[in-house]
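A, B, ... follow the sequence lines: proteins, then strands. Residue 1 opens every chain. Because the structure is predicted, anything quoted here is derived from the model rather than measured.
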There are 2 protein chains.
Amino acid sequence: MTKRIPLTLDSVRCSTCGLGQFCLPVGMAAEDAGRMDELVQQRVRLARGESLFRFEDGLDAVYGIRFGTLKTYLELADGRQQITGFHLPGEIVGLDGLGRNSHASTAIALEDSEVCVIPVRDLSSLANHLPSLQRQLMRLMSRKIEQDQQMLLSLGTMRAEERLAVFLVSLSERLAARGYSSSAFVLRMSREEIGNFLGLTLETVSRLFSRFAKSGVLRIQQKQVEIVDMAALRRLAGPHC
Amino acid sequence: MTKRIPLTLDSVRCSTCGLGQFCLPVGMAAEDAGRMDELVQQRVRLARGESLFRFEDGLDAVYGIRFGTLKTYLELADGRQQITGFHLPGEIVGLDGLGRNSHASTAIALEDSEVCVIPVRDLSSLANHLPSLQRQLMRLMSRKIEQDQQMLLSLGTMRAEERLAVFLVSLSERLAARGYSSSAFVLRMSREEIGNFLGLTLETVSRLFSRFAKSGVLRIQQKQVEIVDMAALRRLAGPHC
DNA sequence: CGACGCGTTGATGAGATTCAACATGTGTGG
DNA sequence: CCACACATGTTGAATCTCATCAACGCGTCG
C-alpha cells in the first residue's frame with residue numbers, strides 16, 4: 001500500500017528542494033515560495049505499479065513528484081486505455097481534475113516513487129492570498145494544455161517513425177533539464193506503454209527501435225537507451241526539434 | 001478587417017446574456033457575475049476567414065464567443081497544421097496562452113462571428129478579488145485539458161469510422177445544449193478541416209459520410225447534416241456515447 | 001525448473017492515404 | 001444575370017503504412 005510520510009521540521013521543504021525550479025514555486029519570489037512550505041505536510045511513497053489516484057476519485061490533493069516516474073491515463077468503458085502523460089520529478093500531477101472536484105485520469109507509478117501531497121483546500125485558499133501562486137497554477141495548466149495539443153499534432157499528423165523520434169528527443173530534453181544525461185537513460189515504461197502513448201502497437205515500437213539501432217542513431221539494450229546521433233534523431237523527428 | 005465595437009450602457013452584458021450558462025459566469029453567484037459586466041467593454045466582429053489572434057501574438061485578451069464558430073490550430077515549421085478545436089457560442093478561446101503571455105494557437109472564424117473581448121489585465125486583477133471567478137477560470141482550463149485528452153484517446157485508439165461518429169455525436173450534443181437542433185445542423189467546417197481535426201484525410205471523411213448516408217444513419221447535403229438514426233450513430237461511436 | 005512478462009522478428013492483411021478524374025457549388029467580373 | 005474560374009466535395013484504383021497473428025528468445029521470480 002501507499003505509505004504516507006509526515007514531514008518533520010527538518011525535512012526538505014519546497015523552499016529548500018532542488019526541484020523548485022520545475023515544480024510549484026517556479027517563478028515565485030523567495031518570500032512567496034516560502035509560503036509553499038506550509039502547504040506540503042506529507043509525502044506519499046509509491047511502489048512500482050501502485051496507483052496514486054484513480055479516475056473519478058475525490059480530488060483531495062494534487063501531487064508534486066519528488067522522485068520516480070508516473071504515468072497518467074484515461075480508460076474507456078470497453079477497457080481501452082490511453083496514456084496521456086509520463087511524469088518526471090518536479091511535475092505536478094492531478095491538475096486536470098481541478099475543475100470537476102474529482103480526478104480526470106488515473107496515475108500509476110512506473111517505478112518506486114515519492115510525491116509531495118498538496119491538499120487542494122489549502123492550495124486554493126493560499127492561492128487566494130497569493131497572486132503569484134495563482135498565476136503559477138494558471139501557467140502550469142495552460143502549459144499542460146499546450147503539451148496535450150502538441151501530442152494531438154503528433155498523433156494527428158505524424159507517422160510512426162516521426163512520433164517515436166519526437167518522443168525520444170523530448171524525453172531526452174526533459175531529463176537533461178533535470179540534470180540527467182540527455183544521451184543515455186533508462187526507459188521506465190514498457191514498449192506497450194510507449195506504443196499506447198504514441199498511438200502505435202508495441203510491435204511497431206519494437207521494430208522502430210531496432211531500425212533506429214541498425215541505422216546507428218540509437219544503441220538499445222532493453223530499457224537502456226543511448227542516443228548516438230542526436231542530429232539524425234532530430235532529423236527523423238521532423239521540423240519540431 | 002476586424003471591427004471593434006465599443007459597448008454602450010444599454011448593450012447586452014454578461015449579466016443579461018443568454019450564453020451566461022456556458023460562458024465565463026457559469027456557476028457564479030448573481031452578485032459576482034454582475035462584476036463580469038465591467039470586464040467586457042467591447043466586442044469584435046469577424047468576417048469568415050478572418051483571424052482573431054495568431055500563434056505567438058501578444059496575449060492582450062481572451063475571448064468569449066457571442067455568435068458564430070471559430071477554429072483554433074497549431075502550425076509546424078513545415079506548414080502542417082493541426083486543428084485543436086472548433087468553438088461554439090459561449091466558449092472562451094485563448095485560455096491556452098494564459099501561462100506564457102502569448103497565444104499558443106491561431107484562431108480563425110469559420111463564419112461571420114462576434115466575440116466579447118476580455119482583457120487579461122482586468123481579468124487577472126478581478127480574479128484576485130473574486131475567488132469564484134478564479135475557480136471558474138480553473139474549471140474552464142481543466143475542462144479544456146480533459147477535452148484535449150479525450151481527443152488524444154480518440155486519435156490514439158479509435159478507427160476512422162469511430163472518430164467521425166464521436167465527432168458528430170459530440171457536435172450534436174454541444175449544439176443541443178445551446179438550444180439548436182441536435183439532429184439537423186450545418187457543418188461550418190470543410191471536409192478537410194474535419195479530417196485534419198480527426199487525423200484523417202478529406203477523402204476518408206467524404207467516404208465515411210457517404211457510407212453513413214448509404215446505411216441510413218445520416219442524411220447529407222453538402223454541409224447540411226441530419227442525424228436520422230442517433231442510436232446507430234452512437235453505436236458506431238463505440239463505448240463513449 | 002517451469003511459468004510468465006516482456007521484447008523481438010516475420011508473414012500477412014486491413015484500413016487509410018495517395019493520386020487522379022470528375023462533379024458540384026460558390027463567387028466574381030463582364 | 002450569366003459565364004467562367006476556383007474552391008470544395010465525391011468516387012475509384014493503386015499503394016503503403018501499420019496492425020494483426022504467430023512463433024520464439026530472453027530474463028525474472030516464485
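Within residues 187-199 of chain A, the residues approached by DNA chain C to less than 4.0 Å at the level of any non-hydrogen atom are S190(A), R191(A), in residue-number order. For the segment residues 156-164 of chain B, residues with any heavy atom less than 4.0 angstrom from an atom of DNA chain C are, sorted by number, R159(B), A160(B).
Relative to the axis of its first five pairs, the axis of the last five pairs of the helix from dC1(C)-dG30(D) to dG30(C)-dC1(D) sits at 40°, rounded to 10 degrees.
Taking the nucleotide of DNA chain D with the nearest heavy atom to each of T201(A) and L202(B), the more 5' of the two is matched to L202(B). Mapping R48(B) and I220(A) onto DNA chain C by nearest heavy atom places I220(A) closer to the 5' end of the strand.
Phosphate proximity of dG7(C) to K223(A): present, with a side-chain N or O under 4.0 Å from OP1 or OP2. Distances shorter than 4.0 Å separate none of the side-chain N or O atoms of T204(B) from OP1 or OP2 on dG15(C). Phosphate contact (OP1/OP2 of dG7(C), side-chain N/O of Q222(A), threshold under 4.0 Å): absent.
Atom C1' of nucleotide dT9(C) and atom CG of L208(A) are separated by 13 Å, given to the nearest angstrom.
With a 6.0 Å radius and a threshold of 12 heavy atoms from other residues, nucleotides or ligands, E192(A) has its CD atom at or below the threshold.
Listed candidates were dT9(C), dT11(D), dG25(C). Nearest to the side chain of R207(A) is dT9(C). Distances from the side chain of S206(A) to the nucleotides dG7(C), dT18(C), dG9(D) place dG7(C) closest.
Under the 3.5 Å distance criterion, the side-chain polar atoms of D148(B) are left unmatched by any main-chain donor or acceptor of Q149(A).
Residues F185(B) and Y180(B) keep their aromatic ring centres 6.0 Å or farther apart.
The aromatic rings of H103(A) and Y63(A) lie parallel to each other, with less than 30° between the two planes, well short of the 60° mark.
Side-chain contact check for E193(A) versus Y73(A): every heavy-atom pair is 4.5 Å or farther apart.
The pair K144(B)-E91(B) fails the salt-bridge criterion, with no side-chain N (NZ, NE, NH1 or NH2) lying under 4.0 Å from an Asp/Glu carboxylate O.
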